[in-house]
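As structure tokens, the structure follows; a few thoughts come after it.
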Amino acid sequence: IVLGVTLPLTGGFEYYGHAADAGVNVRGRQINASGGVGGRMIRVLFRDNRGDPGTAKRDVAELAGEHNAVAIIGPLFSDAAIAVRETAEKHRVVIVSPMSTNDAVTRDNPWMFRVGFNVKGEAEGIVDFQMRAFGAERCAIIYDQRHTFAQGLARQVEETVKARGGRVVGTYPMADES
């Protein structure tokens, strides 16, 4: 049984890719050590998409088309997961995106799955915690404008703060590591 994996193993998100990679390796070994799935061993094929949506799309096409993967873990994040939607549907392969938060990843596509919050749920959790734990009624939002995830989360946090009666005193996009 071929399980495909496309993760950012190099580049700016490699930390997350290596964490997911380690989990897949451990679980794959456990399943095979206990006799596999219905007596069939799992073969895991890894690809490094560097966090790039185009590379992730190419990886999915290769893993599903050439290697007949029954499912693919990754891409990790929403931008790349959105990019592989059509390819997953074309090849009829299940995609599990462990960290995608954008609802567009799974919308109207039975082959796409994500694990975890969507942006709205994540923003609600952040705002609830700040208001409850610290009594915050005002906030400033600082986010990394290079990533659509951060842009969307910043917008959703602002909406949630306002909906809860709070006030956003400033929104500050940053484009570098400082």
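- The ring-ring contact (aromatic ring centres under 6.0 Å, His included) check on Tyr172 picks up nothing, with sequence neighbours excluded.
- In this structure, Trp111 shares a hydrophobic cluster with Val94, Val96, Phe113, Val115, the cluster being traced through Ile, Leu, Val, Met, Phe, Trp and Tyr side chains under 4.5 angstrom apart.
- Each of Val168, Val169, Thr171 was compared with Cys139 under the side chain to side chain contact (heavy atoms under 4.5 Å, CB included) criterion, and only Val168 meets it.
- Looking at Gln145 and Met174, their side chains never come closer than 4.5 Å, going by heavy atoms from C-beta outward.
- The local environment of OH in Tyr16 is sparse, with at most 12 non-hydrogen atoms from other residues, nucleotides or ligands closer than 6.0 Å.
- Atom NZ of residue Lys120 and atom CD of residue Glu159 lie 9.0 Å apart, to the nearest 0.5 angstrom.
- You'll find the side chain of Leu153 reaches within 4.5 Å of the side chain of Ile126, heavy atoms only.
- Judged as a side-chain contact (heavy atoms from CB on, under 4.5 Å), and not counting sequence neighbours, the contacts of Arg164 are Glu124, Val127, Asp128, Met131, Thr160.
- Considering only heavy atoms from C-beta on, Thr101 stays 4.5 Å or farther from Arg114 through its side chain.
- With sequence neighbours excluded, the residues that form a ring-ring contact (aromatic ring centres under 6.0 Å, His included) with Phe13 are Phe77, His147.
- Looking only at side-chain heavy atoms (C-beta outward), His67 and Arg43 come within less than 4.5 Å of each other.
- Between Arg167 and Glu137 there is no salt bridge, since no side-chain nitrogen of the basic residue lies less than 4.0 Å from a carboxylate oxygen of the acidic one.
- Counting heavy atoms of neighbouring residues, nucleotides and ligands inside a 6.0 Å radius, atom CD of Glu86 does not exceed 12 of them.
- Side chains of Val2 and Val70 form no contact here, defined as non-hydrogen atoms less than 4.5 Å apart.
- Residues Val26 and Arg29 meet the side-chain proximity criterion, which asks for heavy atoms closer than 4.5 Å.
- Judged purely by atom type and a 3.5 angstrom limit, Asn25 uses its side chain to pair as donor or acceptor with the backbone of Asp21.
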Tabulate below the donor-acceptor pairs under 3.5 Å that side-chain atoms of residues 3-12 make, not counting sequence neighbours, or state none.
residue	atom	partner	partner atom	Å
Thr6	OG1	Asn49	ND2	2.9
Thr6	OG1	Asp59	OD2	2.7
Thr10	OG1	Asp48	OD2	2.6

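- Side-chain contact between Val119 and Ser78 is absent, with no heavy-atom pair separated by less than 4.5 Å.
- Scanning for salt bridge (charged side-chain N to carboxylate O under 4.0 Å, His left out) contacts around Arg85 gives an empty result, with sequence neighbours left out.
- Proximity of a side-chain donor or acceptor of Ser97 to a complementary backbone N or O of Gly74 within less than 3.5 Å is not detected.
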